[in-house]
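What follows is a single structure, written as structure tokens, with notes after it.
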Amino acid sequence: MDARLNPLDSPVATKALKHIIAANNALADSTLPIATQELVRLRTSQINGCAGCIDMHTKEAAHAGETSVRLNLVAAWREAKVFTDAERAALELAEQGTRIADAAGGVTDEAWANAAKHYDEDQLAALVCVIAVINAFNRLNVITQQPAGDYQPGQHG
């Protein structure tokens, strides 16, 4: 598959992407566990069908020590016994926050309350931002048909 557009060849897209990348980089300094961030990025990317982000975040998570069992079970996290209650709450929030159009009310109060049981306010803010930023990257990649498969951990900083 060939990309429709290389966003880095466009001054306008490059300028916008610098801000999205900066937002993403700021999340690395949060107290939200990196493992949780990568699981959320992976699940969101699966929902959105973003091959480039699935490739990237599967490899980044593995590089950070995530097991292949957990990575392989993210798509079926509800039935898997390998995720903590906190991770399950984060994955549920990610799914509901990604599938906004599928539910008239958006994220349910129950999903929010469950996440709030496991994460403090700063971590919740980081979680919401992780979900928002990865959705932005997913949409950019899907619209422009970015190919996947050759990402190397750490490639983008």
Side-chain angles (χ1 to χ4, degrees), residues 7 13 16-149 151 153 156-157:
L17 277 171
K18 283 182 183 179
H19 294 287
I20 298 171
I21 291 166
N24 189 62
N25 291 343
L27 297 168
D29 295 332
S30 77
T31 59
L32 183 66
I34 295 298
T36 301
Q37 291 185 41
E38 290 299 339
L39 293 172
V40 163
R41 288 179 181 118
L42 177 56
R43 183 64 189 127
T44 301
S45 299
Q46 290 171 336
I47 291 166
N48 288 326
C50 182
C53 288
I54 293 169
D55 184 35
M56 173 190 265
H57 296 294
T58 300
K59 290 173 180 174
E60 287 293 347
H63 184 73
E66 193 58 74
T67 68
S68 60
V69 170
R70 284 169 44 94
L71 291 174
N72 290 332
L73 288 172
V74 168
W77 63 268
R78 284 178 180 81
E79 294 82 23
K81 298 188 226 177
V82 298
F83 301 105
T84 67
D85 288 343
E87 290 167 338
R88 290 174 178 286
L91 290 164
E92 179 65 30
L93 192 65
E95 286 193 3
Q96 288 190 22
T98 298
R99 294 181 164 138
I100 293 172
D102 296 345
V107 174
T108 65
D109 290 339
E110 293 80 13
W112 183 261
N114 192 31
K117 285 192 308 191
H118 300 283
Y119 301 103
D120 65 30
E121 192 167 296
D122 284 341
Q123 291 171 321
L124 280 171
L127 182 56
V128 168
C129 289
V130 167
I131 295 164
V133 169
I134 194 61
N135 270 288
F137 279 123
N138 289 168
R139 278 145 178 78
L140 177 87
N141 288 338
V142 169
I143 291 166
T144 61
Q145 293 185 340
Q146 296 301 307
Y151 179 80
H156 294 304

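Scope of the values below: all heavy atoms of this structure, side chains included, with no hydrogens, waters or symmetry mates. All residue numbers refer to positions in the sequence shown, counting from 1.
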Residue list, side-chain hydrogen bond (donor to acceptor under 3.5 Å, both in side chains) with S45, at least two apart or on another chain: N138
Residues forming a side-chain contact (heavy atoms from CB on, under 4.5 Å) with A132, sequence neighbours excluded: none
All pairs passing salt bridge (charged side-chain N to carboxylate O under 4.0 Å, His left out) where residues 109-133 contributes a residue, at least two apart: none
Minimum side-chain heavy-atom gap I21-N25 below 4.5 Å: yes
Taking every non-hydrogen atom, the tightest pair across T98 and R139: O-NH2, 4.1 Å
Distance-only polar pair, side chains of T108 and Q96, donor-acceptor under 3.5 Å: yes
All side-chain contact (heavy atoms from CB on, under 4.5 Å) counterparts of D85, not counting sequence neighbours: R88, H118
Passing option when V82 is tested against T67, N72, L73 for side chain to side chain contact (heavy atoms under 4.5 Å, CB included): L73
Closest approach of A115 to L124 (non-hydrogen atoms, all atoms of both residues): CB-CD2, 3.8 Å
Salt bridge (charged side-chain N to carboxylate O under 4.0 Å, His left out) contacts in which one or both residues fall within residues 32-41, not counting sequence neighbours: E38-R41
Check: F137 and N24 side chains under 4.5 Å, non-hydrogen atoms: yes
Gap between atom CE of M56 and atom CD1 of I134 - 0.5 Å precision: 8.0 Å
Donor-acceptor under 3.5 Å (T58 side chain, I54 main chain): yes
Salt bridge (charged side-chain N to carboxylate O under 4.0 Å, His left out) contacts in which one or both residues fall within residues 48-57, not counting sequence neighbours: D55-K59
Sequence neighbours excluded - salt bridge (charged side-chain N to carboxylate O under 4.0 Å, His left out) pairs with any residue from residues 70-81: E66-R70, R70-E87, R78-E92, R78-E95
Contacts of type side-chain contact (heavy atoms from CB on, under 4.5 Å), residue N141, not counting sequence neighbours: C50, C53, Q146
Heavy-atom pair of closest approach, residues Y119 and A86: OH-O, 2.8 Å
Contacts of A13 that satisfy side-chain contact (heavy atoms from CB on, under 4.5 Å) - sequence neighbours left out: P7, S10
Pairwise distance CZ(R43) to CG(L93) - rounded to 0.5 angstrom: 13.5 Å
A90 to T36 - nearest heavy-atom pair and separation: CB-CG2, 3.7 Å
Distance-minimising heavy-atom pair for A94 and I131: CA-CD1, 3.5 Å
L32 versus Q123, closest heavy-atom pair with distance: N-CG, 3.9 Å
